[in-house]
Amino acid sequence: MLSALIWGPAVGALLVGAWPQTASAERWRSLALAIAVAVLLGALALATQFDPSQATLAFPERVAWIEPIGVSYALGLDGLSLPLVLLNGLLTAVAIGSSDRHVARPQLYYALILVLNASVTGAFLARDVLLFLLFYEIELIPLYLLIAIWGGERRGYAATKFLLYTALSGACLLAAALGTVWASGAASFSYERLAALVPALPVDVQVPLLGGFLLGFAIKTPFLPFHTWLPDAHVEASTPISILLAGILLKLGTYGLLRFGVGLFPEAWQLLAPGLAVWAAVSALYGALAAIAQTDMKQVVAYASIAHMGYILLAAAAATPISLVAAIVQTVSHGLISGLLFLLVGTIGEAVGTRQIGELRGLLNPQRGMPLVGSLTVLGAMASAGIPGMVGFVSEFTIFRGSFASFPVPTLLCMVSTGLTAVYFLLLVNRVFFGRLPLDWDRQPSASPSQALPALVMAAVIVTLGVQPQLLVQQIAFPIAPSAVASYF
């Protein structure tokens, strides 16, 4: 069943690529959207059968693959992977649905997005470390091409920088994985096998192995000082690709921290946790202060992402039962909120012709402005700032609640970063949406249905999970391997 979530979009990509070239771009878009929605519905169907009270993996699949080196095609679903698989399905449908109806080379464009969906889902479901790394590396190729071909003026530079950074991330992870298997004496790359053997290793052996995983996932997330590829990639990527990049690709890094950092090296993680908490606070404060200094709306959201990733590192460092669940909630929350904000910022940029904050004003004008886009942007900004009633408040409050007892000073610094979030979004909203719309400006075009519908869906999910967070929290009751979490109780 899980294989269908991976190979369904992969086969769909082949179908889109093989569709007769005489068809219109709208036909390819409709076909790709139908495939993405079918995959999302399949994931939702599995979610309805998922029992979070079961500590064992749901829907396990295991087939021997490269037996001489102990690699198997092993998949499984648990409370950590399920929310992210659903998020990947939703944002892929949103990205395809909000894509330009007249995008150039549509067959290749939509096929690459479906391959991206398949590889990311594969990484979230993999229960073999080498299989995880395979999917982790595969997703680089379609994302690199999506930025390099359909990006902005400096797309070549941004795509190459992204590829170099993330390739280095993959190299670090591969070295750490090989070292872990060798040091533990495991005869395979099975995650369950490693989770049973690695915690028994001496802590001075665990620390350098954990360091390799930390470096790889820190580049991917990214944390200061490995963040420089992210703003360039966001600015040059088209709006749908920015949605996928911020909403789901960065989550491979935070997922890896929880799965491989906390999950495999509980003792070494506990040893490094104070330093990780300080790193989280510095990264969060830097991201927030840098966001205040930006003049491009897209860069504001990009640096806000860096700050919010710091909160997840803080929660993972604390590794309390509350903070671990909160880290996953924040992962999902940020995916939804950043996806919404990138979609709206892209809509404004296409309609008005600029994303520069200093050149925009009065867009909330109900007669000649963009009232729907403005209203939803205000909602997204409030959710990102942690205003009660939205999922951002749930995630940030529980992170601070779960981390304060372990690391009070870094937690307080992250709370300051949250206050700064309100500052830079207030500046953005006040300058872009309020004030008098210039009289010489024509009436701004309303958001098209392909832009408004995905934004309304994400806004509805943000509010729904804010009012009823149990809908999400109940699914992540046992997110990490019990053997790893038990040491913190």
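Note that the structure is predicted; figures quoted are calculated from it, not measured.
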Check your understanding: So, for Ala246 and Ser305, which heavy atoms are closest and what is the spacing to 0.1 Å?
Key -> CB-OG, 4.4 Å
**Study point:** Any donor-acceptor pair under 3.5 Å from Ser417 side chain to Ala284 backbone
**Key:** yes
Check your understanding: Below 4.5 Å, heavy atoms only, C-beta onward: do Ser283 and Ile306 meet side chain to side chain?
Key -> yes
Study note, to complete from the structure: Rounded to the nearest 0.5 angstrom, the OG-CG distance for Ser242 and Leu343 is 10.5 Å
Revision key, fill the gap. Residue pairs meeting salt bridge (charged side-chain N to carboxylate O under 4.0 Å, His left out), one or both in residues 80-107, sequence neighbours left out, come to Glu26-Arg101
Check your understanding: Between Leu146 and Leu116, is any pair of side-chain heavy atoms under 4.5 Å apart?
Key -> yes
Check your understanding: Is there a side-chain contact between Leu134 and Val71, using heavy atoms and a 4.5 Å cut-off?
Key -> no
Point to revise | CA sep, side-chain torsions, deciding dist, call: Phe132, Phe260, ring pair (Phe, Tyr, Trp, His ring centres under 6.0 Å) | key: CA-CA 11 Å; Phe132 167 83; Phe260 297 97; 4.8 Å; yes
Study note, to complete from the structure: Taking every heavy atom of Ala58 against every heavy atom of Phe50, the minimum-distance pair comes out as CB-CD1, 3.7 Å
Review point. Among side-chain atoms of Tyr144 and Thr166, is any donor-acceptor pair under 3.5 angstrom?
Key: no
Exercise for review: Under the ring-ring contact (aromatic ring centres under 6.0 Å, His included) rule, collect the residues that match up with Tyr109, sequence neighbours excluded.
Suggested key: Trp150
Check your understanding: Among Thr331, Leu336, Ile337, which one satisfies side-chain contact (heavy atoms from CB on, under 4.5 Å) with Ser333?
Key -> Ile337
Exercise for review: Using a cut-off of 6.0 Å, state whether more than 12 heavy atoms not belonging to Tyr165 lie near its atom OH.
Suggested key: yes
Practice item. Go through Leu314 and Ile399 one step at a time and tell me if the side-chain contact (heavy atoms from CB on, under 4.5 Å) criterion holds. Key: CA-CA 8 Å; Leu314 173 69; Ile399 283 176; 4.2 Å; yes
Practice item. Begin with the C-alpha distance, continue with both residues' side-chain angles, and end with the deciding distance and a verdict on side-chain contact (heavy atoms from CB on, under 4.5 Å) for Ile312 and Leu257. Key: CA-CA 9 Å; Ile312 299 177; Leu257 286 177; 5.8 Å; no
Exercise for review: May I ask you to check whether Tyr73 and Ser3 show a side-chain donor-acceptor distance below 3.5 Å?
Suggested key: yes
**Study point:** Side chain Arg259, main chain Gly256, donor-acceptor under 3.5 Å
**Key:** no
Review point. To the nearest 0.5 Å, what is the distance between CD1 (Ile462) and OG (Ser384)?
Key: 9.5 Å
Exercise for review: Only one of Thr254, Leu230, Leu250 passes side-chain contact (heavy atoms from CB on, under 4.5 Å) with Thr221; say which it is.
Suggested key: Thr254
Practice item. Please check if the side chain of Gln299 supplies one atom and the backbone of Val235 the other of a donor-acceptor pair under 3.5 Å. Key: no
Exercise for review: May I have the step-by-step check of side-chain contact (heavy atoms from CB on, under 4.5 Å) for Phe226 and Leu168, ending in yes or no?
Suggested key: CA-CA 11 Å; Phe226 308 111; Leu168 176 61; over 6 Å; no
Check your understanding: Going from CG on Leu75 to CG on Leu131, what distance comes out if it is rounded to the nearest 0.5 angstrom?
Key -> 6.5 Å
Exercise for review: Say whether, by atom type as modelled, one donor and one acceptor occur between the side chain of Thr48 and the main chain of Ala45 under 3.5 angstrom.
Suggested key: yes
Practice item. Would you check if the side chain of Ser169 reaches a backbone N or O of Gly216 as a donor-acceptor pair within less than 3.5 Å? Key: yes
Check your understanding: Is there a donor-acceptor contact under 3.5 Å from the side chain of Thr418 to the main chain of Cys414?
Key -> yes
Point to revise | Under 3.5 Å donor-acceptor, Gln451 side chain and Ser98 backbone | key: no
Review point. Donor-acceptor pair, Trp279 side chain versus Gly310 backbone, under 3.5 Å?
Key: no
Point to revise | Residue pairs involving residues 111-128 (criterion salt bridge (charged side-chain N to carboxylate O under 4.0 Å, His left out); sequence neighbours excluded) | key: Asp78-Arg127, Arg127-Glu192
Check your understanding: Quick one: do the Ser403 and Tyr311 side chains pair a donor with an acceptor below 3.5 Å?
Key -> no
Point to revise | Gap separating the CG atom of Leu210 from the CG atom of Leu214, nearest 0.5 angstrom | key: 4.0 Å
**Study point:** Spacing of Ile113 atom CD1 and Asn117 atom CG [to the nearest 0.5 Å]
**Key:** 10.0 Å
Exercise for review: Decide side-chain contact (heavy atoms from CB on, under 4.5 Å) for Val391 and Val332; before the verdict, give the C-alpha distance in whole Å, the side-chain angles of both, and the deciding distance to 0.1 Å.
Suggested key: CA-CA 9 Å; Val391 69; Val332 176; over 6 Å; no
Review point. Taking atom NZ of Lys298 and atom CD of Glu236, what is their separation to the nearest 0.5 Å?
Key: 8.5 Å
Check your understanding: Are the side chain of Ser81 and the backbone N or O of Leu77 linked by a donor-acceptor pair below 3.5 Å?
Key -> no
Study note, to complete from the structure: For residues 447-472, the salt bridge (charged side-chain N to carboxylate O under 4.0 Å, His left out) pairs (sequence neighbours left out) are none
Exercise for review: Quick one: which residue pairs count as a salt bridge (charged side-chain N to carboxylate O under 4.0 Å, His left out) with a foot in residues 131-143, not counting sequence neighbours?
Suggested key: Glu139-Lys220
Review point. Listed by chain and number, what are the side chain to side chain contact (heavy atoms under 4.5 Å, CB included) partners of Tyr157, not counting sequence neighbours?
Key: Arg154, Lys161, Asp232
**Study point:** Polar side-chain atom of Lys251 near backbone of His334 as donor-acceptor pair, under 3.5 Å
**Key:** no
Review point. Hey, what's the ring geometry for Phe217 with Phe213, parallel, tilted or perpendicular (30° and 60° as the breaks)?
Key: parallel
Review point. So which heavy atom on Val345 is nearest to which on Arg355, and how close?
Key: CG1-CD, 3.7 Å
